[in-house]
*Asks:* 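Below: one structure in structure tokens.
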Amino acid sequence: TCSCSYALDVGEEDYNLWCTPLLPVSERGKPEVDFFLSPQYHKAAALLEELAASADASGNYEAYQKVFEEAEAEWLAEKTKRALQKCVQAQKATAEDDAKRERLLNKLETMLQQKFDAVSIDPFGSFVSAFHTKNSDIDVSLTIHPSSQWYNEEEERKYRDAQSGAPRPRAQRRQHRTKRVQLLAKFASELRWRKYDDVQLIAHARVPLVKFRDPETGVACDVCVHND
């Protein structure tokens with residue numbers, strides 16, 4: 001017999017029939033204490049009392065089952081909602097998490113000013129759009145200005161043509177030889193010299209990039225050029 005706090009004046013067989021549909025689908029026949037303490041169960045039990053007292057309630061199992069199934073669905077929806085809210089809250093980035101990312105950006109900007117002429121850094125992605133979590137990495141793009149030694153007008157023109165849909169020449173497909181990748185290689189080398197963790201240069205990807213982790217803040221970072 002289901003061990004709930006409401007005892008209707010019915011037989012054991014009917015009582016089990018009424019109570020069983022209230023339980024979660026995966027737990028039929030195994031009552032969950034938190035369900036029987038929920039407002040959804042109390043509401044369903046009150047409705048059952050009304051049904052049991054009505055003149056035409058005898059043998060109306062479909063009506064009883066509907067009451068329980070609706071209570072079950074409402075309870076499961078509320079339970080799922082709370083679980084999701086708890087998960088989102090646990091993953092939500094705090095002001096301290098954002099401050100760590102800002103510190104990393106400041107360090108990278110200082111490094112560029114010291115070692116890379118006319119190259120600036122711009123964050124993009126989830127951090128900028130505020131959809132990041134506490135464990136999200138940060139995406140940044142290096143912008144090569146025309147006065148920089150890393151700027152090659154012919155290469156940049158080909159990149160612009162490729163973005164507009166024009167066919168890319170075979171030579172342009174060898175991205176590991178371009179100024180952009182040379183810049184990323186130098187950037188990765190500087191990161192290693194400054195003792196950043198897990199520094200990887202991925203030169204042969206469609207979008208070449210550098211991946212690394214800041215040992216001070218623990219923030220992971222992906223760096224590309226011109227956010228292509």
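Counting from 1, the numbers follow the sequence of the chain as shown.
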*Asks:* Could you walk me through whether D222 and V210 pass the side-chain contact (heavy atoms from CB on, under 4.5 Å) check?
*Replies:* CA-CA 6 Å; D222 292 349; V210 171; over 6 Å; no

*Asks:* Roughly how far, to the nearest 0.5 Å, is CZ of F212 from CG of L191?
*Replies:*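 It comes to 5.0 Å.
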
*Asks:* How many angstroms lie between atom CD1 of I202 and atom NZ of K211, to the nearest 0.5 angstrom?
*Replies:*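 NZ of K211 is found 5.5 Å from CD1 of I202.
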
*Asks:* Please name the residue in the list L104, L209, D137 that meets the side-chain contact (heavy atoms from CB on, under 4.5 Å) test with C221.
*Replies:*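 Exactly one option meets the side-chain contact (heavy atoms from CB on, under 4.5 Å) with C221, and it is L104.
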
*Asks:* Grab the two heavy atoms, one from D139 and one from G125, that are nearest each other, plus how far apart they are.
*Replies:*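 Of all heavy-atom pairs spanning D139 and G125, the closest is OD2-CA, 4.4 Å.
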
*Asks:* Quick one: do K158 and E155 satisfy salt bridge (Lys or Arg N to Asp or Glu O under 4.0 Å)? Show the steps, please.
*Replies:* CA-CA 5 Å; K158 291 177 181 178; E155 287 181 3; over 6 Å; no

*Asks:* Mark yes or no for whether T110, through its side chain, and N106, through its backbone, hold a donor-acceptor pair below 3.5 Å.
*Replies:*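 Answer holds: yes.
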
*Asks:* Walk me through it: do F124 and N227 pass the test side-chain contact (heavy atoms from CB on, under 4.5 Å)?
*Replies:* CA-CA 8 Å; F124 67 96; N227 192 15; 3.3 Å; yes

*Asks:* For R213 and Y196, run side-chain contact (heavy atoms from CB on, under 4.5 Å): C-alpha distance rounded to whole Å, both residues' side-chain angles, the deciding distance at 0.1 Å, then the answer.
*Replies:* CA-CA 6 Å; R213 185 176 299 276; Y196 282 86; over 6 Å; no

*Asks:* Where is the tightest heavy-atom contact between R192 and L201, given as atom of each residue plus distance?
*Replies:*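 Heavy-atom minimum between the residues: NH2-N, 4.2 Å.
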
*Asks:* Please report the closest heavy-atom contact between S148 and V119, naming both atoms and the distance.
*Replies:*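 In terms of heavy atoms, the two residues are closest at OG-CG2, 3.8 Å.
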
*Asks:* Quick check for you: to the nearest 0.5 Å, what is the distance between K179 atom NZ and N152 atom CG?
*Replies:*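 Spacing of NZ (K179) from CG (N152) equals 7.0 Å.
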
*Asks:* Any side-chain heavy atom of H226 sitting closer than 4.5 Å to one from I144?
*Replies:*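 Of all side-chain heavy-atom pairs linking I144 with H226, at least one is under 4.5 Å.
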
*Asks:* Any carboxylate oxygen within less than 4.0 angstrom of a Lys/Arg side-chain nitrogen, looking at E190 and K186?
*Replies:*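 Looking at E190 and K186, the cut-off is not met.
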
*Asks:* With rounding to the nearest 0.5 Å, note down the distance linking CZ in R103 to CG in D214.
*Replies:*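 Rounded to the nearest 0.5 Å, the CZ-CG separation comes out at 8.5 Å.
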
*Asks:* I'd like to check L112 versus L142 (side-chain heavy atoms, cut-off strictly below 4.5 Å). Are they in contact?
*Replies:*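 With C-beta onward as the side chain, the pair touches.
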
*Asks:* Can you confirm if the NZ or CZ of R180 lies within 45° of the ring axis of Y159 and under 6.0 Å from the centre of its six-membered ring?
*Replies:*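 Relative to the ring axis of Y159, which defines the angle, R180 lies inside both limits.
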
*Asks:* Side-chain donor-acceptor pair under 3.5 Å between Y151 and E153, yes or no?
*Replies:*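 Side-chain D/A pair, Y151 to E153: present.
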
*Asks:* Considering non-hydrogen atoms only, spot the tightest contact between S136 and S126 and give its length.
*Replies:*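 Minimum heavy-atom separation between S136 and S126: CB-OG, 4.4 Å.
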
*Asks:* Just how far is it from atom CD of E109 to atom CD of Q114, taken to the nearest 0.5 Å?
*Replies:*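 These two atoms lie 11.0 Å from each other.
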
*Asks:* T178 vs L184, test: side-chain contact (heavy atoms from CB on, under 4.5 Å). Steps then yes/no.
*Replies:* CA-CA 10 Å; T178 65; L184 288 174; over 6 Å; no

*Asks:* A side-chain contact here means heavy atoms from C-beta on lying under 4.5 Å apart; do V225 and W150 qualify?
*Replies:*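 Side chain of V225 against side chain of W150, heavy atoms only: no contact under 4.5 Å found.
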
*Asks:* Would you call the rings of F116 and F187 parallel, tilted or perpendicular if under 30° counts as parallel and over 60° as perpendicular?
*Replies:*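 Because their plane-to-plane angle lies in the 30° to 60° range, the rings of F116 and F187 count as tilted.
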
*Asks:* Applying salt bridge (charged side-chain N to carboxylate O under 4.0 Å, His left out) between E216 and each of K195, K107, R194, report the one that passes.
*Replies:*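 Filter result, single survivor: K107.
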
*Asks:* Does a side chain donor of either D122 or T143 reach within less than 3.5 Å of an acceptor in the other side chain?
*Replies:*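 Their side chains do contain a donor-acceptor pair, which is all the 3.5 Å distance test asks for.
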
*Asks:* Quick check for you: to the nearest 0.5 Å, what is the distance between R101 atom CZ and T217 atom OG1?
*Replies:*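 Here the rounded value is 8.0 Å.
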
